[in-house]
Structures are given as structure tokens and as C-alpha cells.
Trainee: 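Starting off with a structure, shown below.
Computed over heavy atoms, backbone and side chain alike; hydrogens, waters and symmetry mates excluded. Computed from a predicted model, the values in this text were never measured in an experiment. Numbered from 1 within each chain, the chains take letters A, B, ... in sequence-line order.
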Protein chains: 2
Amino acid sequence: MATPPPADGEADIGAINEILGFHIRLAHGACLRHFTETFTDLDLTQKQVSVLWLVDDHPGIAQTDLAQRLRMDRATTMAIINRLQAKHFLRRDRSDKDGRKQALFLEPAGVAMLARAKQAIGEHEAWVKSRFSDKEVKLLIDLLSRIHE
Amino acid sequence: MATPPPADGEADIGAINEILGFHIRLAHGACLRHFTETFTDLDLTQKQVSVLWLVDDHPGIAQTDLAQRLRMDRATTMAIINRLQAKHFLRRDRSDKDGRKQALFLEPAGVAMLARAKQAIGEHEAWVKSRFSDKEVKLLIDLLSRIHE
DNA sequence: TATTGTTATACTCTATAACTATA
DNA sequence: TATAGTTATAGAGTATAACAATA
């Protein structure tokens, strides 16, 4: 249903349902909720998984680069990195090229956790994608990409 | 670009870009960011505007009903209602039919603020929709609705 | 018993500002 | 000056738990 629960049998074709941003927020909320349930055992958040994934794809990546890729503030990035470091999932190394930068690398525990996380993400994605055909998934990704480009 | 900033000239067609949930989160973040900028003067959040809008569309609505429509927890709803009440945008009245329920109504200040908010939402929506044709907007809303239904 | 509202608590994300170190 | 990281702070949303009042 476009609006969550019409509650009664009222018409309820309120203009708020025609607001694109409204649907983006609800869809995001639904995804976040399911993600959280899927990851309760692993005790990881969406952002944390994204960071582990990107550090694995780009060993030695700097915090600033991470922040840009995930559209985060530097301070926000710090908070996430701190939590992951406290769990020994990654480490900070001083960059050789630029003394200001910290090069990030996954620790063994981080590699192991990422492997488990990717499997959980597979389940989570299957839940989301079950509503769509392959063609629709590609279309949706294309449309959403135009927003966050 | 699918991934925020490729930073270097690297290929970077990492699998994370094929994750639908990843794009939903980024798109939501971009919308939230622009929304916040648009509403700095009005000092309202997305959730707060949604609540004002729904209370206006459904005078006397109960907090539980609001929570269902916006997919929120009761405690979360309370926090939002409290802030709006502190600003004198709405009031709680004891329901006649059910003593457990609180009937919510907009105060004059809330009506005025909602009018301004709707205009700001128009600008915000124009920003989001500028990327799409009318047909694509309807398509996107349809696809997103399947996720939060 | 179940529902509604309420309070308290905690965590994450987000953002700003100010500070240090390096370029 | 500009960049990268750091720290402190604050607000908002989310969720859980426990409690009181009402149905």
C-alpha cells in the first residue's frame, strides 16, 4: 500500500503519498529495519559494513576518501572507524606518502567478519529484491543513482 | 556516478555498487541532506513535517495510528510529538471514545507552519524530481512502495 | 489480558566547531 | 593556507524495557 496502514476504509489518497521523498524515506526505513534484524547476531550497522567492504576493496584507503565515497562527514567517519578499530576489525597505519593521512587495513578478524557480513547481505538483498524482476532492480538502481550522484 | 567519487581513475566497479540497499541508503542520505538545508529556516525535520501533515489530514488522529502510518515505534512517536507540542504546533486532547487514546489537533501556529512547510517541500521535491520525467517519478514511487508496503 | 500512552535509557548517525599535525 | 585527522558536543531517529491507565 502506498500509505502504510489506511487504518479505516477511508479514501486516503492524501497528497503526502505523491511526495517522492516520502517514499524514499519509508523505503529506506523498511530496509534499515530488515538489515538490523539480519545483522543482530553480527552486531554491525549498514555504515560499518560499507566501511569494511570499502577498506577491503581499497587497502590503505584514507578516512577522507572513505568519507567521500559514503557521503559522510569526517567526524562521522571517525566515530565509525573507532568502533571498528575497538573490535579489532581494522587498523590505522600512518601513510608513507602523506603524513597527514591514515591508511586503513582490515585485520584478520575484520576479514572474517566481512565474509560473514557479505553472506548476510546476500540474504538481506534477496529479501529486498524478491519484489522485483532483474530488469526492475537495474532500473531502480539507475534511478536511485541519479539522486545520489 | 554510481559510486560517489571514484577518487582516482581506478576502475572501481566493486560489487558494493550492485547492492540495491546501498543505493537506497545513499539516495536517502542525499535527500535528507537537501531536505535539511531547505528546512534550516523552518527548523523542522522530515518526520516532524510528516506528522504535521498527517495530523492536518486526519484531525484527532491517535499517536498509535500516526506511528503505524510512518512506521515508527510508539516511543519514537512520543519524542516527535513532544517536540511539536513544545513549539505549540499541535495539542493533545483526551479521546472521547477511548480514554486510552490521545486525539491530536494542529494549533494555529502548526497550521501556519505546515503551510510554509508544504511550500518548502515543493521546492525540495522539484530538486529531487528534476532528474526524472513524470513517467519515471511514478515508476520510482511504484517501485519504492513495494519495499515499504 | 490487551492496548495506549508515558518515561527512562541507550546507540547510531549526523553535523558543527575548534584544535593539532602535516603539506 | 589548505588538508587530514582528532576531540567534544549536540540533536534527531530508532529501539527496548518497564510502568500506569484504560479497555
Trainee: Restricting to side chain to side chain donor-acceptor pair (under 3.5 Å), what partner residues turn up for A:His34, sequence neighbours left out?
Mentor: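 Partners of A:His34 by the side chain to side chain donor-acceptor pair (under 3.5 Å) criterion, ordered by chain and then number, come out as A:Thr38, A:His124.
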Trainee: Would you mind reading off the distance between A:Leu66 atom CG and D:dT6 atom P, rounded to a whole angstrom?
Mentor: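 Roughly 12 Å, once rounded to whole Å.
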Trainee: Should B:Glu136 and A:Arg146 count as an ion pair when the cut-off is N to O under 4.0 Å?
Mentor: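 Here B:Glu136 pairs with A:Arg146 in a salt bridge, since their nearest N and O are under 4.0 Å apart.
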Trainee: Assess whether salt bridge (charged side-chain N to carboxylate O under 4.0 Å, His left out) is satisfied between A:Lys87 and A:Asp43, documenting all intermediate values.
Mentor: CA-CA 11 Å; A:Lys87 291 178 180 177; A:Asp43 193 32; 3.5 Å; yes
Trainee: Rounded to whole angstrom units, what separation is found between the CZ atom of A:Arg92 and the C1' atom of D:dT6?
Mentor: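 To the nearest whole Å, that distance equals 9 Å.
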Trainee: Starting from C1' on D:dG5, measure out to CG on A:Asn82 and report it in whole angstrom.
Mentor: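 So the CG-C1' distance, A:Asn82 to D:dG5, works out to 11 Å.
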Trainee: Provide, to the nearest angstrom, the distance between the NZ atom belonging to A:Lys101 and the C1' atom belonging to C:dT22.
Mentor: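 After rounding, the reported distance stands at 12 Å.
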Trainee: Scan for side chain to side chain donor-acceptor pair (under 3.5 Å) pairs involving residues 100-112 of chain B, sequence neighbours excluded, and state none if there are none.
Mentor: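 Listed by first then second residue: B:Asp98-B:Arg100.
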Trainee: Over how many whole Å does the gap from A:Gln102 atom CD to D:dT3 atom P extend?
Mentor: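 For the pair A:Gln102 CD and D:dT3 P, the rounded distance is 19 Å.
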Trainee: Just the rounded figure in Å: distance from C1' of C:dA15 to CG of B:Asp43.
Mentor: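 For the pair B:Asp43 CG and C:dA15 C1', the rounded distance is 14 Å.
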Trainee: Can you tell me the distance, in whole Å, between the CD1 atom of B:Ile61 and the C1' atom of C:dT4?
Mentor: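 Rounding to the nearest Å, CD1 of B:Ile61 and C1' of C:dT4 are 14 Å apart.
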Trainee: Return yes when atom CZ of A:Arg116 has more than 12 non-hydrogen atoms of other residues, nucleotides or ligands closer than 6.0 Å, and no otherwise.
Mentor: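 Counting other residues, nucleotides and ligands, CZ of A:Arg116 stays at 12 neighbours or fewer.
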Trainee: Let me know the distance between CG of B:Leu44 and P of D:dA12, rounded to the nearest Å.
Mentor: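 Checked: the CG to P distance equals 10 Å.
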Trainee: Give the B/S/- string for nucleotides 13-23 of chain D, one per nucleotide from 5' to 3', where a protein heavy atom under 4.0 Å of the base yields B, of only the sugar-phosphate yields S, and otherwise -.
Mentor: SBBB-----BS
Trainee: Thinking salt bridges, do B:Asp142 and B:Lys138 make one under a 4.0 Å N-O criterion?
Mentor: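 Looking at B:Asp142 and B:Lys138, the cut-off is not met.
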